[in-house]
Amino acid sequence: MNRQDTLTSLKSHSPTVLIIGAGINGVGTFRDLTLQGVDTLLIDRADFCSGASAASSRMAHGGIRYLENGEFRLVREAVQERNRLIRNAPSLVQPLPTTIPIFKTFSGLLNAPLKFLGWLEKPSERGGLIIKLGLIFYDAFTGKNRTVPPHVFDGRRSALIKYPRLNPGIHYAATYYDGLILSPERLTLELLLDAEKEGSHARALNYVSLAGVNGDTITLHDEISATTFNVRPRLIINAAGPWIDTTNRTLSLLTQYVGPTKGSHLVLDNPELRAAIGGHEFFFENNDGRIVLIFPLFDKVLVGTSDLPVEDPDSARCSEDEVDYFIGMVGRVFPDIKVSREQIVFRFSGVRPLAYTRARNAGQITRDHHVQEDRLGAIPVYSLVGGKWTSFRAFSEQAADRALAFLGLPRKTDTKSLPIGAGKDAPVLKTDPHYTRREIMEMAEREKIVHLDDLLLRRTLLATLGQLTLPLVETMTNTLAEALGWDELQKKAELIRTLAILADRHQVILV
Ligand SMILES: Cc1cc2nc3c(=O)[nH]c(=O)nc-3n(C[C@H](O)[C@H](O)[C@H](O)COP(=O)(O)OP(=O)(O)OC[C@H]3O[C@@H](n4cnc5c(N)ncnc54)[C@H](O)[C@@H]3O)c2cc1C
């Protein structure tokens with residue numbers, strides 16, 4: 001069904017389940033429920049995978065540092081899910097060797113006990129001993145279903161032979177494996193399109209938002225036609241990520257489930273740094289325990305993260321202070337490689353929908369997930385709180401199981417070994433900027449493109465990899481206009497909208 005067919009079908013046929021929010025958790029739950037034959041409508045007020053799920057650091061990882069918080073269940077689950085992602089979507093999630101440069105030996109040993117006693121303000125930098133211990137546990141969690149090799153621990157001399165541009169002040173370097181999600185946006189879209197193949201009971205609409213509630217009637221707003229329509233689901237799943245509480249307020253439910261924290265990233269065009277890191281992620285912390293990542297993204301280098309509490313998820317932007325911080329941290333690990341602001345081709349920022357807590361240090365807030373239940377009269381509302389990109393499948397399964405129990409339906413199948421998209425037969429992601437007219441036309445038809453920025457920011461890697469120029473954007477606008485039937489006025493509006501988003505959210509100025 002195309003967008004119009006879906007909107008028309010909703011007039012005569014309400015869904016059983018309404019999922020609000022098409023980030024990875026909403027889409028994962030949509031896939032699981034539709035596989036069980038449940039009539040499900042998924043909506044997002046913007047494009048699919050345009051919130052936290054597009055802002056992630058792209059790591060499919062267990063989160064070795066959560067071991068220190070005693071979160072063994074979470075790490076075990078995430079390691080298993082990482083392995084499944086590498087197996088089920090091998091063209092989009094690949095093993096990523098991850099190296100930790102270590103500048104101390106004994107530091108950090110007291111982090112875990114102090115945290116347990118509630119006496120830890122800021123964790124101290126982790127030294128070689130505690131990292132070695134963590135990696136032994138981490139390898140153990142991989143168990144029999146190993147998709148990646150075990151860790152290797154190098155002393156200073158051998159580390160500097162392997163990575164000659166590393167800071168000579170290191171004491172050790174530990175290398176272990178996680179996964180790299182090459183394009184979170186495409187992976188999410190492939191999951192969604194897989195779900196829609198299940199049949200007409202699977203309906204997904206981007207640019208449709210929740211407008212309000214009256215009894216058991218939910219009003220939705222089509223952002224494109226600026227019209228509203230009603231649905232009467234038996235169950236609502238609030239998968240609005242950092243916007244869970246504002247979404248609940250629109251449903252007249254007063255909740256405080258999330259306490260969002262911001263993280264940011266830079267994409268750098270720095271061939272020297274790119275050559276120095278090779279195929280490795282460098283994962284390290286500054287002396288107050290905050291994490292920084294440097295890793296290869298095709299021919300570019302991605303640098304980022306930080307964990308700062310924010311009030312309004314819509315206001316998250318990568319600040320100049322963060323840029324200074326990231327550039328400074330690259331200098332700590334690769335001191336003789338110069339990184340400058342002119343090499344930044346793209347920036348992005350997003351907000352983690354972490355569970356609300358009074359924890360003093362954002363890095364210590366759990367990344368675990370859970371479902372909160374409220375009621376709108378007879379309609380249950382499940383809020384999907386917390387979680388990591390990596391563990392979306394397990395979280396979606398948990399939410400779907402609860403929904404099936406409420407609906408009195410059996411689970412017919414599970415998603416543990418289900419290939420995503422074309423699985424291992426999928427073509428490797430296209431990274432060159434030369435798209436043919438036919439390729440754009442096909443994407444427009446198959447991939448639910450509504451706006452020009454959907455194409456440039458999420459269906460392709462053009463913006464992320466810094467490949468956009470004004471003439472290229474104009475050509476793309478013309479081709480998309482042909483596919484989607486835009487007139488001159490719409491073409492102009494799309495161009496203005498896209499240039500504004502690129503400048504405001506990604507500091508990409510095209511002239
Ligand atoms: C900086 C950063 C780095 C991260 N790095 C990693 C990592 O490396 N690995 C990892 O595993 N995890 C990582 N995470 C965590 C992971 O990205 C998130 O936990 C996950 O993406 C949350 O997905 P979600 O579907 O719950 O939320 P979102 O992706 O935010 O989806 C919510 C959706 O709801 C929509 N919405 C909101 N309100 C409404 C409404 N009223 N009506 C309709 N739609 C609405 C939004 O438009 C949005 O698309 C990171 C997160 C951040 C921010």
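Both ligands and their constituent atoms are indexed starting at 1 by order of listing. As the structure is a computational prediction, the values presented were derived from the model and not from experiment.
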Compute whether any side-chain donor of one residue and acceptor of the other, for Asp32 and Ser396, lie under 3.5 angstrom apart.
no

For atom 31 (O) of ligand 1, what's the nearest protein heavy-atom neighbour? Residue, atom name and distance, please.
Gly23 CA, 3.4 Å

In the protein, what heavy atom is nearest to atom 18 (C) of ligand 1, and what distance, to one decimal place, separates them?
Pro353 CD, 4.1 Å

When you compare the side chains of Asp269 and Gln343, does any donor N or O come within less than 3.5 Å of an acceptor on the partner?
no

For the residue pair Thr415 / Arg393, report whether a side-chain donor-acceptor contact shorter than 3.5 Å exists.
yes

Going by side chain to side chain donor-acceptor pair (under 3.5 Å), name the residues that satisfy it together with Ser14, two or more places apart in sequence or in a different chain.
none

Kindly identify the option in Pro184, Ala52, Ser56 whose heavy atom sits closest to atom 13 (C) of ligand 1.
Ser56

Select the closest option to atom 16 (C) of ligand 1 among Phe395, Trp389, Phe392, Phe48, judged by heavy-atom distance.
Trp389

Should the ring pair Phe348 and His265 be called parallel, tilted or perpendicular, given that the plane angle runs from 0 to 90° and is split at 30 and 60?
parallel

A student checking ligand 1 against Gly350 at a 4.0 Å heavy-atom cut-off should list atoms 53 (C)

Protein heavy-atom partner closest to atom 52 (C) of ligand 1 - residue, atom, separation in Å:
Arg352 CG, 3.5 Å

Regarding Thr175 and Thr99, is there a side-chain donor-to-acceptor distance under 3.5 Å anywhere?
yes

Do ligand 1 and Val208 have nitrogen or oxygen atoms that lie under 3.5 Å from each other?
no

Which is closest to atom 5 (N) of ligand 1 by heavy-atom distance: Pro313, Ala22, Ser57?
Ser57

With respect to Asp314, which candidate in Arg45, Arg505, Lys262 satisfies the salt bridge (charged side-chain N to carboxylate O under 4.0 Å, His left out) definition?
Arg45

Nitrogen or oxygen atoms of His265 and ligand 1 under 3.5 Å apart
no

Test log, rule side-chain contact (heavy atoms from CB on, under 4.5 Å), inputs Ile43 and Ile19:
CA-CA 6 Å; Ile43 58 158; Ile19 302 177; over 6 Å; no

Does an N or O anywhere in Ser264 fall below 3.5 Å from an N or O of ligand 1?
no

For the residue pair Asp245 / Thr255, report whether a side-chain donor-acceptor contact shorter than 3.5 Å exists.
yes

In the protein, what heavy atom is nearest to atom 7 (C) of ligand 1, and what distance, to one decimal place, separates them?
Met59 O, 3.6 Å

Any nitrogen or oxygen of Asn25 lying under 3.5 Å from a nitrogen or oxygen in ligand 1? Just yes or no.
yes

Out of Asp44, Leu384, Thr247, Asp47, the nearest non-hydrogen contact to atom 49 (O) of ligand 1 is supplied by Asp44

Can you tell if the side chain of Arg458 reaches within under 4.5 Å of the side chain of Leu189, non-hydrogen atoms only?
no

Can you figure out which of Ser53, Ser391, Gly21 has its heavy atom closest to atom 23 (O) of ligand 1?
Ser53

When distances are taken from atom 11 (O) of ligand 1, the protein heavy atom at minimum range is Thr390 OG1, 2.7 Å

Show me which atoms of ligand 1 lie under 4.0 Å from any heavy atom of Ala55.
1 (C), 2 (C), 3 (C)

Testing the basics here: between Lys388 and His61, what is the closest heavy-atom pair and its distance to 0.1 Å?
NZ-NE2, 2.9 Å

Check ligand 1 against Val351 and write out every atom of the ligand that is under 4.0 Å from a heavy-atom position of the residue.
53 (C)

Considering only the protein, which heavy-atom contact is closest to atom 45 (C) of ligand 1, and what is its distance?
Arg45 CG, 3.6 Å

Selection from Gly51, Ala239, Ser209 by shortest heavy-atom distance to atom 32 (C) of ligand 1
Ala239

Note: heavy atom closest to atom 40 (C) of ligand 1, options Ile19, Ile20, Thr246, belongs to Ile20

Once you measure the plane-to-plane angle for Trp389 and Phe392, does it fall in the parallel (<30°), tilted (30-60°) or perpendicular (>60°) bin?
perpendicular

How are the rings of His506 and Phe346 set to each other: parallel, tilted or perpendicular (split at 30° and 60°)?
parallel

Side chain, backbone, both or neither: the part of Arg58 lying under 4.0 Å from ligand 1 by heavy atom:
backbone

If we number the atoms of ligand 1 from 1 as shown, the ones under 4.0 Å from a heavy atom of Pro242 are 30 (O)

Atom indices of ligand 1 within 4.0 angstrom of Gly387 heavy atoms, with elements
19 (O)

Check if Ile24 has a non-hydrogen atom at a distance under 4.0 Å from any atom of ligand 1.
yes

Val258/Tyr356 under side-chain contact (heavy atoms from CB on, under 4.5 Å): CA gap, chis, key distance, verdict
CA-CA 4 Å; Val258 289; Tyr356 177 79; 5.8 Å; no

For atom 27 (O) of ligand 1, grab the closest protein heavy atom and report residue, atom and distance to one decimal in Å.
Gly241 CA, 3.4 Å

Can you find a non-hydrogen atom of Leu210 under 4.0 Å from ligand 1?
yes

Pair Arg352, Thr261: side-chain N/O donor-acceptor within cut-off below 3.5 Å:
yes

